[in-house]
Amino acid sequence: MATRKYWLQLPQTYFNRLPQRKMRKQPDGEIMQIIYLKMLLACIGNSGLILYQGVYDSLAEEIAEEIDEETEIVQKTIDYIIKNNMAREIEDKDGGGYFFPESDEFTGSESESAERMRRMRKKAKASQCDRSVTKSDSDVTDGDDNKVKNNKEDVKKNIIDSSLHLKGETLPPSAGAGGASPFTLTDCEECADEGKVNLSEDGIRAFYNRMEKDGWEIKGTPVTNLLKAMRGFAKHHKEYQQPEEEKTEQSSVSTNERPGDIEICKSIMGKIIDYLPNNDTRNWQKKIVKYCERSMFTDQELELLARRTKVNVDSWTWEGE
């Protein structure tokens with residue numbers, strides 16, 4: 001019998017769903033999220049079920065042993081997901097178990113033979129692309145200068161389009177992401193703030209409007225790297241870059257950067273997004289003391305705020321102008 005390979009595919013906005021955001025805010029919430037994902041993986045290929053086998057005294061103990069976690073936190077996670085309709089308890093004569101609807105929703109699979117065919121097609125397509133590039137180079141070399149001159153505007157447009165889709169790490173979308181568009185205007189504003197993108201407010205809106213018009217695609221390829229796309233837009237649309245005074249203010253909070261600061265900053269943004277009016281993260285450094293409690297943040301996060309912003313973490317006040 002042919003062996004099938006399974007995997008879990010999560011949408012980009014998965015951790016912005018309300019049950020996940022609520023889970024993360026619980027005590028031990030991040031560990032609970034990991035345990036929940038481990039349970040989803042454990043029931044892959046079993047119709048979304050984890051069944052009691054009778055080896056341990058409880059199903060929670062069996063799951064804890066299988067996924068290598070502590071029984072207490074596993075039971076806490078089970079209680080949460082049952083209460084929030086992320087899993088259903090089932091009963092049968094052998095002791096019952098749990099059904100995970102998201103396992104069926106996000107599980108993909110293919111046979112070994114299908115995987116081989118997919119790799120062969122990919123390899124063949126790559127070979128065709130190599131030949132096309134070689135031929136294209138030859139055409140450009142042999143072409144006359146008039147043709148190149150006439151296509152100057154097209155070449156410029158292609159450069160701009162290419163700059164909007166570069167490989168790299170994608171910043172997580174904010175709570176507003178979802179629906180038909182992969183990113184919202186708030187995502188763009190947050191990304192510009194976190195990633196130090198040289199775009200004015202009008203420039204951010206211009207970038208967002210263009211992407212909405214183009215369906216968030218560049219030459220048929222979806223834009224997945226928001227930070228690189230915005231930087232590419234800023235580079236080729238200088239009329240939308242920040243005024244000098246805005247650059248000065250932004251640079252004042254980017255000094256003394258240390259390894260790990262980006263991850264800590266992402267953690268801070270993940271905590272405050274729900275507390276800011278309309279999820280508006282512009283000038284979040286100033287808003288954080290008004291809408292958030294100091295106790296929400298770890299010592300590492302407070303240290304970063306003290307070092308890179310004008311927040312007085314002791315008095316929890318804003319000392320900027």
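Heavy-atom basis, side chains included; hydrogens, waters and symmetry copies ignored.
Annotation for Leu304 and Ile268: closest pair CD2-CD1, 4.0 Å, computed over non-hydrogen atoms. Counting all heavy atoms, side chain and backbone alike, Met32 lies closest to Thr77 at CG-OG1, 3.4 Å. Nearest heavy atoms, Pro101 versus Ala87: CD-CA, 4.1 Å.
Taking the side chain as every heavy atom from C-beta outward, Ile50 and Cys43 approach each other to under 4.5 Å. Residues Val74 and Tyr36 have side chains not in contact (no heavy-atom distance under 4.5 Å, counting atoms from C-beta outward). For the pair Met23/Arg17, no side-chain contact is recorded, criterion being any heavy-atom separation below 4.5 Å from C-beta on. Inter-residue side-chain proximity for Glu62 and Tyr52 is flagged as met; some heavy-atom pair is nearer than 4.5 Å. With a 4.5 Å cut-off on side-chain heavy atoms, Leu51 and Ile90 count as touching. Within the 4.5 Å cutoff, the side chain of Trp216 has heavy atoms near those of the Leu226 side chain.
With rounding to the nearest 0.5 angstrom, the CD atom of Gln241 is 10.5 Å from the CZ atom of Phe233. Ile78 CD1 to Leu59 CG: the interatomic distance, rounded to the nearest 0.5 Å, is 6.0 Å. Atom-to-atom distance recorded for Ile35:CD1 and Glu69:CD is 4.5 Å, nearest 0.5 angstrom. Once rounded to the nearest 0.5 Å, the distance linking CD1 of Ile288 with OG1 of Thr309 reads 7.5 Å. To the nearest 0.5 angstrom, Phe183 atom CZ is 11.0 Å from Glu190 atom CD. A distance of 6.0 Å separates NZ of Lys83 from NZ of Lys22, quoted to the nearest 0.5 Å.
Within 6.0 Å of the CD atom in Gln300, the count of heavy atoms belonging to other residues, nucleotides or ligands does not exceed 12. The number of heavy-atom neighbours closer than 6.0 Å to NZ of Lys25, taken from other residues, nucleotides and ligands shown, is above 12. By the 6.0 Å contact criterion, CD on Glu293 is open, its count of non-hydrogen atoms from other residues, nucleotides or ligands being 12 or less.
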Worked check of side-chain contact (heavy atoms from CB on, under 4.5 Å) between Arg210 and His237 = CA-CA 12 Å; Arg210 170 174 173 169; His237 294 77; 3.8 Å; yes
Stepwise side-chain contact (heavy atoms from CB on, under 4.5 Å) check, Tyr98 with Ile82 = CA-CA 9 Å; Tyr98 301 106; Ile82 292 294; 3.8 Å; yes
Evaluation steps, side-chain contact (heavy atoms from CB on, under 4.5 Å), between Met39 and Ile81 | CA-CA 11 Å; Met39 289 193 286; Ile81 61 179; 3.8 Å; yes
Step by step, would you call Ile272 with Cys292 a side-chain contact (heavy atoms from CB on, under 4.5 Å)?
-> CA-CA 7 Å; Ile272 71 174; Cys292 303; 3.8 Å; yes
Going through the checks in order, is the salt bridge (Lys or Arg N to Asp or Glu O under 4.0 Å) test met by Glu301 and Lys271?
-> CA-CA 11 Å; Glu301 292 165 347; Lys271 290 181 178 181; 2.8 Å; yes
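Side-chain atoms of Tyr56 do not come within 3.5 Å of backbone N or O of Ala60 as any donor-acceptor pair. No donor-acceptor distance shorter than 3.5 angstrom exists from the side chain of Asp28 to the backbone of Ile31, with no hydrogens or angles considered. Side chain of Glu189 to backbone of Ile204: no donor-acceptor contact under 3.5 angstrom is found. In this structure, the side chain of Asn84 does not engage the main chain of Met86 through any donor-acceptor pair within 3.5 Å. At distances below 3.5 Å, at least one donor-acceptor pair connects side-chain atoms of Ser200 with backbone N or O atoms of Tyr240. Looking at Glu89, its side chain never comes within 3.5 Å of a backbone N or O of Gly97 through a donor-acceptor pair. Counting only distance, with no hydrogens or angles, the side chain of Lys310 and the backbone of Trp318 share no donor-acceptor pair below 3.5 Å. Of the possible donor and acceptor atoms, none in the side chain of Thr13 sits under 3.5 Å from a partner among the backbone N and O of Asn16.
Taking the six-membered ring for Trp and the full ring otherwise, Trp284 and Tyr275 have centroids separated by 6.0 Å or more.
Cluster annotation: Val313 and Met296 are assigned to the same hydrophobic cluster (Ile/Leu/Val/Met/Phe/Trp/Tyr, side-chain heavy-atom contacts under 4.5 Å, transitive). Tracing side-chain contacts under 4.5 Å through hydrophobic residues (I, L, V, M, F, W, Y), one never reaches Ile34 starting from Leu10; they form parts of separate clusters.
Here the rule is side chain to side chain contact (heavy atoms under 4.5 Å, CB included) with Cys191, and of Leu227, Asn225, Leu199, Thr186 only Leu227 fits it.
Ion pairing between Lys76 and Asp79 fails under the 4.0 Å rule for side-chain N and carboxylate O.
If you check the side chains of Gln75 and Tyr80, you find no donor sitting under 3.5 Å from an acceptor.
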